Amino acid sequence: MAMVMPEELQAAGVKATLKPSSIIETFEGDWEKDWFTYRPQEWPLKTHKLYDPVWAAPAGAKLMLDVRSAASNKLVIGIDQYAAEVELSGGSEWQKITLSPADFIDVAGEGLPSWNGVMELRFGDKETLKDKQNGQKLDFGGIWQGAPPEFRDLRWSVE
Amino acid sequence: MKRFWAGETDAPDYKLTTDWGALDAYHAPTRTGLNSFGNTKPTEWTLDPVESPRNNQWFICTIGARRALTFLERQPEVNAELLGVYGHSMGGKLTVLTAGSDLIPV
Amino acid sequence: MRAAAPSCGGISDRQEDNLLSDDVYLKKISCPIMFLSPANDFHGRINDLQTAVTEIKSKAWRATCSAHHNHQDTAVYEVATQIWFDQYLKGTFVCPQTPQTELSLSNGIPVFTVRPDSSKNIRSVDIYYTQQGQVDGLKDNRENTKARFWHRATPGESGQALVAELPIHSLDKPLWFMPTSSMRWMNQSPVPGIITERIQPISLTSLR
């Protein structure tokens, strides 16, 4: 690891060429290297992409992605201390998912106020949100049925 | 740990933990309530009755790690010239403290 | 002690006038040392690793820094401890040399060149970089440390070297970068003459 200071970048005539993108993930090539897990033998994954300015949410955006799961399942999408549960009908068709901040709730049932400042995005089969202060818990998802889900076109939409 | 320190053996969540006797050699939560990273102040559980680096819990734990090496060195089936140390998190710090207090140049 | 492998600790506890501070001991270390330092670890922070490797006396040192991870590693990184001890305790492995690297800023987009040691079978080389790092010496922002995103550039071959562009999004933030080589190595089978590929690959990171 090494560091170049901003003054050095500017003095060398470097340009900021990496622009904000509404396409968060294509799920192609080595995409899994931009996500992480501590259980590589299982399919759930996380990423910090949404925390990077390149993939920060545009104003009024909704989070969209396409998912395909052979069996009917509950997909859990987590953002920081919030989570949303999405019903997957199962089959060979891609299922379009659209989520607003309010679709993500915390352990007390309060919705995510906005996309601003979110740090971690998670896709998984189940998770439990916990309130460390009062011990309250809220479960999402369950035991996954069948093959792992396929994902396509994770993006911000401002339709 | 709090149950252990208080001797509450009837508590349902009581667990036996490493017993350092009269010394407080834990990290967090410390028995003293002081931050173990920086503390050198004397308490009734510290080694010295005056301010001293030996009152820091990391010092005691490093002594423990060094004694473990000495124990291994004395075992007939161990090659005392080929000992390595690995540790994670607190153990990562202890690995550095142990390697940095090694008196034998390699 | 013949070798050490600290993981996620031992580099960031730095307090003036404290004899138990990490830097006091790092400066006395002379044995071969492998740092296991996930790039988003809150406890052993990667900017302090950069400092730590200038403090140790050890001539033999390496690091493995898993991008995105905080305070945990997976097997491809954890195995660095085993190969380090294989080399310095058992004498059964020779760790690849740290690759030669070079960063050029002269073409408008930062260009990173890596010349890896090809003595081991290299699966891939990735350059991870971020503009969400903190300038060393400033108070650590724990949440930022855990959440910073590492962009990835995959270099292409250019003669004997691997070259990648590192496009950035800001000229007001520092650029942190680290090349990570993922490689497989060949293990001698217990059966003479037969070489098997060890299933477990390893990732090593270059700090300079």
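Both backbone and side-chain heavy atoms feed into the values below; hydrogens, waters and symmetry mates do not. Chain identifiers are assigned alphabetically (A, B, ...) following the order of the sequence lines, protein sequences preceding nucleic acid strands; residue numbering begins at 1 within each chain. For clarity, every value in this text was computed on a predicted model and none was experimentally measured.
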Crowding at NZ, Lys49(A) (>12 non-hydrogen neighbours, <6.0 Å): yes
Distance (rounded to the nearest 0.5 Å) between Glu8(A) CD and Leu175(C) CG: 9.5 Å
Thr47(A) portion near chain C, given a 4.5 angstrom heavy-atom threshold: side chain
Value rounded to 0.5 Å, distance of CZ in Phe36(A) from CG in Asn70(C): 8.0 Å
Distance in Å, Ile109(C) CD1 paired with Lys15(A) NZ, rounded so as to fall on 0.5 Å steps: 9.0 Å
Plane angle bin for Trp55(A) and His151(C) - parallel if under 30°, tilted between 30 and 60°, otherwise perpendicular: parallel
Closest contact, heavy atoms only, Asn144(C) versus Met119(A): N-CE, 4.5 Å
Test item: Trp150(C) and Asp34(A) side chains (from C-beta on) under 4.5 Å apart, heavy atoms: no
Centroid-centroid under 6.0 Å between Trp35(A) and His69(C) rings: no
Test item: Arg148(C) side-chain N/O and Asp52(A) main-chain N/O as donor-acceptor pair under 3.5 Å: no
Other residues, nucleotides, ligands: >12 heavy atoms within 6.0 Å of Gln160(C) CD: no
Residues of residues 162-170 of chain C contacting chain A, heavy-atom criterion under 4.5 Å, by residue number: Pro167(C), Ile168(C), His169(C), Ser170(C)
Residues of residues 62-91 of chain A with any heavy atom under 4.5 Å of a heavy atom in chain C: none
Side chains of Val4(A) and Tyr129(C) in contact at under 4.5 Å (non-hydrogen atoms): no
Main-chain N/O of Lys46(A) paired with His68(C) side-chain donor or acceptor, under 3.5 Å: no
Rounded distance [0.5 Å steps], CG in Asp126(C) versus CG in Asp30(A): 6.5 Å
Exam field: side chain Tyr51(A) to backbone Gln132(C), donor-acceptor pair closer than 3.5 Å: no
Gap separating the CE atom of Met3(A) from the CD atom of Gln131(C), nearest 0.5 angstrom: 12.0 Å
Side-chain donor/acceptor of Gln10(A) to backbone N/O of Leu171(C), under 3.5 Å: yes
CZ on Arg152(C) to CH2 on Trp31(A), rounded to 0.5 Å: 11.0 Å
Under 4.5 Å from a heavy atom of chain C, the part of Glu7(A) involved: neither
